[in-house]
Amino acid sequence: MRSLRTLILAGAVVAGGLFLAACSGDKVAQSDVEDEISTQLATQLGTAPEVSCPGDLTAEVDETMDCEVTAEGETLTVTVTVTSVDGDQANFNIELAE
């Protein structure tokens, strides 16, 4: 099992992929963003990390938001960036915050 930091730094979680969450109006619900990040990372980690975002994500291309991800005693900040919006779907990726 690889560490959370190693996975995110290596791009294993975001390589070529987009994360989808249903959006309502021009926002993606905070809980949907948190759940999607947790689900995607769980696939790589083998266990679902805890994810905490500060609020809803605006569903506009290049919109960003920082979220805290905790797994196996390690807490990291990741930046969520909206890459596209198509109807009621917002596509976003995550990377380790600077």
**Asked** Got a second to check how far Glu68's CD is from Glu34's CD, nearest 0.5 Å?
**Response** 11.0 Å
**Request:** Output the distance between atom CD (Glu95) and atom OG1 (Thr77), rounded to the nearest 0.5 Å.
**Result:** 12.5 Å
**Asked** Distance from Glu74 atom CD to Leu76 atom CG, nearest 0.5 Å?
**Response** 4.5 Å
**Asked** Given Ser38, which of Thr47, Val51, Val69 fulfils the side-chain contact (heavy atoms from CB on, under 4.5 Å) condition?
**Response** Val51
**Complete:** Shortest non-hydrogen pair, Val28 vs Ala90, comes out as CG2-CB, 3.6 Å
**Complete:** Residues pairing under disulfide (SG to SG under 2.5 Å) where one sits in residues 38-98, two or more places apart or in two chains, turn out to be Cys53-Cys67
**Item:** Separation of Lys27 NZ from Thr58 OG1 (nearest 0.5 Å)
**Value:** 3.0 Å
**Asked** Checking side-chain hydrogen bond (donor to acceptor under 3.5 Å, both in side chains) for the pair Asn93/Thr83: CA distance, chi angles, key distance, verdict?
**Response** CA-CA 7 Å; Asn93 63 25; Thr83 58; 5.7 Å; no
**Prompt:** Could you give the distance from CD (Glu50) to OG1 (Thr75), rounded to the nearest 0.5 Å?
**Reply:** 8.0 Å
**Prompt:** Quick one: which of Thr64, Asp32, Val33 gives a side-chain contact (heavy atoms from CB on, under 4.5 Å) with Leu57?
**Reply:** Val33
**Request:** Would you indicate whether the side-chain heavy atoms of Phe92 and Ile37 approach each other to under 4.5 Å?
**Result:** yes
**Request:** Could you tell me whether a side-chain N or O of Asp56 sits under 3.5 Å from a main-chain N or O of Gln30, the two making a donor and an acceptor?
**Result:** yes
**Prompt:** Can you name the closest pair of heavy atoms from Pro49 and Ala42 and give their distance?
**Reply:** CD-N, 4.0 Å
